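Model, not experiment: these values are computed from the prediction.
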Amino acid sequence: MTPEQFLASKATVAVKALYGADIEPSALQVTATRKEFEGDFTLVVFPLLKISHSAPDATGAAIGAWLQENVPEVGSYNVVKGFLNICLSQLYWTELFSSIASDPSFGRLPSTGRRVMVEFSSPNTNKPLHLGHIRNNLLGSSVSDLLKAAGEDVIKVTLVNDRGVHICKSMYAWQKSFPGVTPESSGKKGDHLVGDCYVEFNRIYSEEVNSLVTGGMSAEQAAKEAPCMKAVHEMLVKWEQGDPEVRALWSKMNSWVFAGFDETYRALGISFDKVYYEHDTYLLGKELVQRGLDMGVLVRDPDGSVWCDLTADGLDRKLLLRSDGTSVYMTQDLGTAEKRFSEFNLDSHVYVVGDEQNYHFQVLKLILAKLGFDWASRIYHLSYGMVELPEGKMKSREGTVVDADDLIEQMYREAKSTSEESGKLADVSEEEKERLFRMIGLGALKYFILKVDPKKKMLFNPKESIDFNGNTGPFIQYTHARICSILRKADAQGLDHTPDGIGPDTELSAKEIRLVKILNGYPQKVADAAAQFSPAIIANFAYDLAKEFNQYYHETAILKEENAGIRRFRLVLIQTLASTLRSAMGILGIELPERM
């Protein structure tokens, strides 16, 4: 029960005792007291005036006096213009803290019984993962862990886009410019080699288009008539027909990419419960297309292509099958959604996809609803803003992306450089230093990305992300290591810091009450963050908690406190802070070191 709920319940008893009226706690408004007034929480008195038949200040004073006399947890009160400001007693805060410290699952909410699928990453197998994919992966993984903490049964999935025109482009370029080259012979990760092929195709394509335009063809016609583009479309048709040679090359190049992806996922700490492949799912939607045609929801044009007319819904016509019978992304997504909801009996499906696909998911839900699926409304598009660099946007086809592997390595170097300059790891072994550099670098990367609200575009600057004093991952990591250091010293001195038996007569300072208040808000932060699909709420909670601890640490004696009871309370307090930081940062996928 939150302090607000506790006071509301006690206030209803006071109203009954004073005025003989029954009132539900939910009808009372209790909020945190504004900073300019004295008090912890404020009860708004005005809704009670019809019951009390008294002036606002008199009603507030009567309720406050009753609470102070009959509720030991209420220490004092004051009334300001119809607002009853209540100061909770030391007893309340010690009891509240004791319940927090003794709860091993503090912050994790009860099971809701709901099953939620979260799809994220979903890369194309024509290029390596880049910075944009990193935000997608970190957001998807963190939202999954966040929903788990909020009591949901979560299934993490990805759909690998391993077929289509874009894949055939890399295949064509490998045949033309990289025949016989393998990851082993080139010394490159497989996904990087295939990415080079994709960039090479666009170079070939650009040259052919320019040549045709120079020869007098219009730019629009040249884009269609370029020999390499025609060859790519022919290759896709052959793939769909099961051509052995095309399929063999496709399988070989995809295997290179999958091995490269797995290496990057491991480095980022990303995992999935199930992996879907487009070559298994792209035909799923064709049955739904036929269903839509039978229902009259879809129409077939004279050239054989199939469309959904959404103009009456304020949108446009959406292609579902090309004239040659090949499917498009929307067709696949229709079939995949139907398969997942029926297979897993989902209560909700979250797609973590950038905001450039807002229209796609608007159309997806609308077509599914027209096809008669009532669960269409339970699809949620977690639309996030793009990641940009100080020098601007990234472009895959031009090879100007920030490669995920290169960025992970850069973060390691930044962490190493910053740590060595600070001298914080001077007494740590070389082996442990290397492990910490990786942990700090990844922590900085993940925190910098996840502390930004998903809906916002963000500018990523690696140097800014690694700072031991700002709103960064390393600051929180160092705070945790500092607490662990204090607890190790306590153990060396034989000092007890088990949470059992915190005395109700323990006197808490204002700073300690402030820390307990922040701690107590953690479960609500988890609930709010899950409802908004925003790990940023958890990230900023962790920063506020770490910042508050550091202020407390600089002002308060812990190990040197002479009173054994107070010293034990303070050790239990910082131990609880550390476990809560681990819980919160764990939702973000960030490890916290015990030494740093």
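- When all heavy atoms of I538 and A529 are compared, the pair lying nearest together is CG1-CB, 3.8 Å.
- Closest of all the heavy-atom pairs between P3 and N520 is CD-ND2, 3.0 Å.
- With ring centers used as reference points, Y351 lies 6.0 Å or more from F120.
- Ionic pairing of K274 and E343 is present here: one or more N-O contacts between side-chain nitrogen and carboxylate oxygen are shorter than 4.0 angstrom.
- With sequence neighbours excluded, no residue forms a side chain to side chain donor-acceptor pair (under 3.5 Å) with N345.
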Apply the test side chain to side chain donor-acceptor pair (under 3.5 Å) to residues S383 and K455: give CA-CA distance (whole Å), side-chain angles for both, the deciding distance (0.1 Å), then the verdict.
CA-CA 6 Å; S383 172; K455 298 180 182 64; over 6 Å; no
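- Here the side chain of T94 pairs a donor or acceptor atom with the backbone of L91 at under 3.5 angstrom.
- Under the ring pair (Phe, Tyr, Trp, His ring centres under 6.0 Å) criterion, H480 pairs with no residue at all, not counting sequence neighbours.
- Listed by first and then second residue, the side-chain hydrogen bond (donor to acceptor under 3.5 Å, both in side chains) pairs that reach into residues 361-375 are D313-K370, sequence neighbours excluded.
- No side-chain donor-acceptor contact under 3.5 Å links D355 and Y384.
- Residues G354 and M386 share a closest heavy-atom pair of CA-CE, 3.6 Å.
- Contact detail for P56 and V45: the closest heavy-atom pair is O-CG1, 3.7 Å.
- Heavy-atom neighbours of Q551 CD from other residues, nucleotides or ligands within 6.0 Å: above the threshold of 12.
- Distance check: L138 CG to S121 OG gives 10.0 Å after rounding to the nearest 0.5 Å.
- Applying the side chain to side chain donor-acceptor pair (under 3.5 Å) test to K446 and every residue at least two apart in sequence or in another chain returns nothing.
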Given the rule in the salt bridge (charged side-chain N to carboxylate O under 4.0 Å, His left out) test, do E512 and R570 qualify, once you have shown the distances and angles that lead to the verdict?
CA-CA 9 Å; E512 287 161 348; R570 290 175 179 174; 2.8 Å; yes
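- For Q68, the side chain to side chain donor-acceptor pair (under 3.5 Å) test picks out no residue, with sequence neighbours left out.
- Side chains of Q29 and L43 form no contact here, defined as non-hydrogen atoms less than 4.5 Å apart.
- A distance of 7.0 Å separates CG of L515 from CG of L545, quoted to the nearest 0.5 Å.
- A salt bridge does not link D347 to R378: none of the charged nitrogens lies less than 4.0 Å from a carboxylate oxygen.
- When side chains are defined from C-beta on, D333 counts as touching H360, because their heavy atoms get closer than 4.5 Å.
- Annotation: ring-ring contact (aromatic ring centres under 6.0 Å, His included) contacts involving residues 22-64, sequence neighbours excluded, comprise F46-F83.
- Within the 4.5 Å cutoff, the side chain of L146 has no heavy atoms near those of the L588 side chain.
- Applying the ring pair (Phe, Tyr, Trp, His ring centres under 6.0 Å) test to Y543 and every residue at least two apart in sequence or in another chain returns F475.
- In this structure, the side chains of V452 and K457 stay at 4.5 Å or more apart for every pair of heavy atoms.
- T33 pairs by the side chain to side chain donor-acceptor pair (under 3.5 Å) definition with T42, not counting sequence neighbours.
- Atom CD1 of I134 sits about 5.5 Å away from atom CG of L268, to the nearest 0.5 Å.
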Derivation and outcome, side chain to side chain donor-acceptor pair (under 3.5 Å), residues S76 and N78
CA-CA 7 Å; S76 62; N78 64 85; over 6 Å; no
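- Side-chain contact check for S89 versus V74: every heavy-atom pair is 4.5 Å or farther apart.
- Between E562 and R567 there is no salt bridge, since no side-chain N of the basic residue sits under 4.0 Å from a carboxylate O of the acidic one.
- From I486, atom CD1 reaches atom CG of L495 across 12.0 Å, with rounding to the nearest 0.5 Å.
- From L346, atom CG reaches atom CE of M117 across 5.0 Å, with rounding to the nearest 0.5 Å.
- Pairs engaging residues 544-573 under the ring-ring contact (aromatic ring centres under 6.0 Å, His included) rule: F97-F569, F549-Y553 [sequence neighbours left out].
- Taking Y19 as the reference, nothing meets the ring pair (Phe, Tyr, Trp, His ring centres under 6.0 Å) condition, with sequence neighbours excluded.
- Put simply, the side chain of E95 does not reach to within 4.5 Å of the side chain of S98, judged on heavy atoms.
- Judged by distance alone, the side chain of D528 and the main-chain N or O of I537 form no donor-acceptor pair under 3.5 Å.
- Ion pair D40/K517 flagged as a salt bridge, since at least one NZ, NE, NH1 or NH2 atom sits closer than 4.0 Å to an Asp/Glu carboxylate oxygen.
- Sorted by first then second residue, the side-chain hydrogen bond (donor to acceptor under 3.5 Å, both in side chains) pairs that include residues 110-119, not counting sequence neighbours, are T112-E152, R114-E152, R115-D153, E119-S122, E119-R340.
- Within the 4.5 Å cutoff, the side chain of V526 has no heavy atoms near those of the F541 side chain.
- A side-chain N or O of N550 and one of R482 form a donor-acceptor pair less than 3.5 Å apart.
- At distances below 3.5 Å, not a single donor-acceptor pair connects side-chain atoms of D103 with backbone N or O atoms of S99.
- A donor-acceptor pair is defined here as one N or O able to donate and one able to accept, closer than 3.5 Å; no such pair exists between the side chain of Q532 and the backbone of S534.
- A salt bridge is defined here as a Lys NZ or Arg NE, NH1 or NH2 lying under 4.0 Å from an Asp or Glu carboxylate O, and K511 with E548 meets this definition.
- In this structure, A101 and T576 approach most closely via the heavy-atom pair CB-OG1, 3.5 Å.
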Decide yes or no on ring-ring contact (aromatic ring centres under 6.0 Å, His included) for Y380 and F533, but give the supporting numbers first.
CA-CA 10 Å; Y380 180 80; F533 299 100; 4.5 Å; yes
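- Atom CD of Q477 sits about 7.0 Å away from atom CE of M439, to the nearest 0.5 Å.
- Between I440 and A415, the shortest heavy-atom distance links the atoms CG2-CB, 3.9 Å.
- Under 3.5 Å, the side chains of T59 and D57 contain no donor-acceptor pair of N or O atoms.
- Side-chain contact between L310 and D316 is absent, with no heavy atoms from C-beta onward closer than 4.5 Å.
- Every residue two or more places apart in sequence or in another chain that forms a ring pair (Phe, Tyr, Trp, His ring centres under 6.0 Å) with Y92 is listed here: F6.
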When you look at D496 and R568, which way does the salt bridge (charged side-chain N to carboxylate O under 4.0 Å, His left out) test go after all the steps?
CA-CA 6 Å; D496 181 25; R568 182 167 179 267; 2.9 Å; yes
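- Counted by atom type alone, N469 and Y478 present zero donor-acceptor pairs between their side chains at under 3.5 Å.
- Without hydrogens or angle criteria, R108 side chain to P523 main chain gives no donor-acceptor distance under 3.5 Å.
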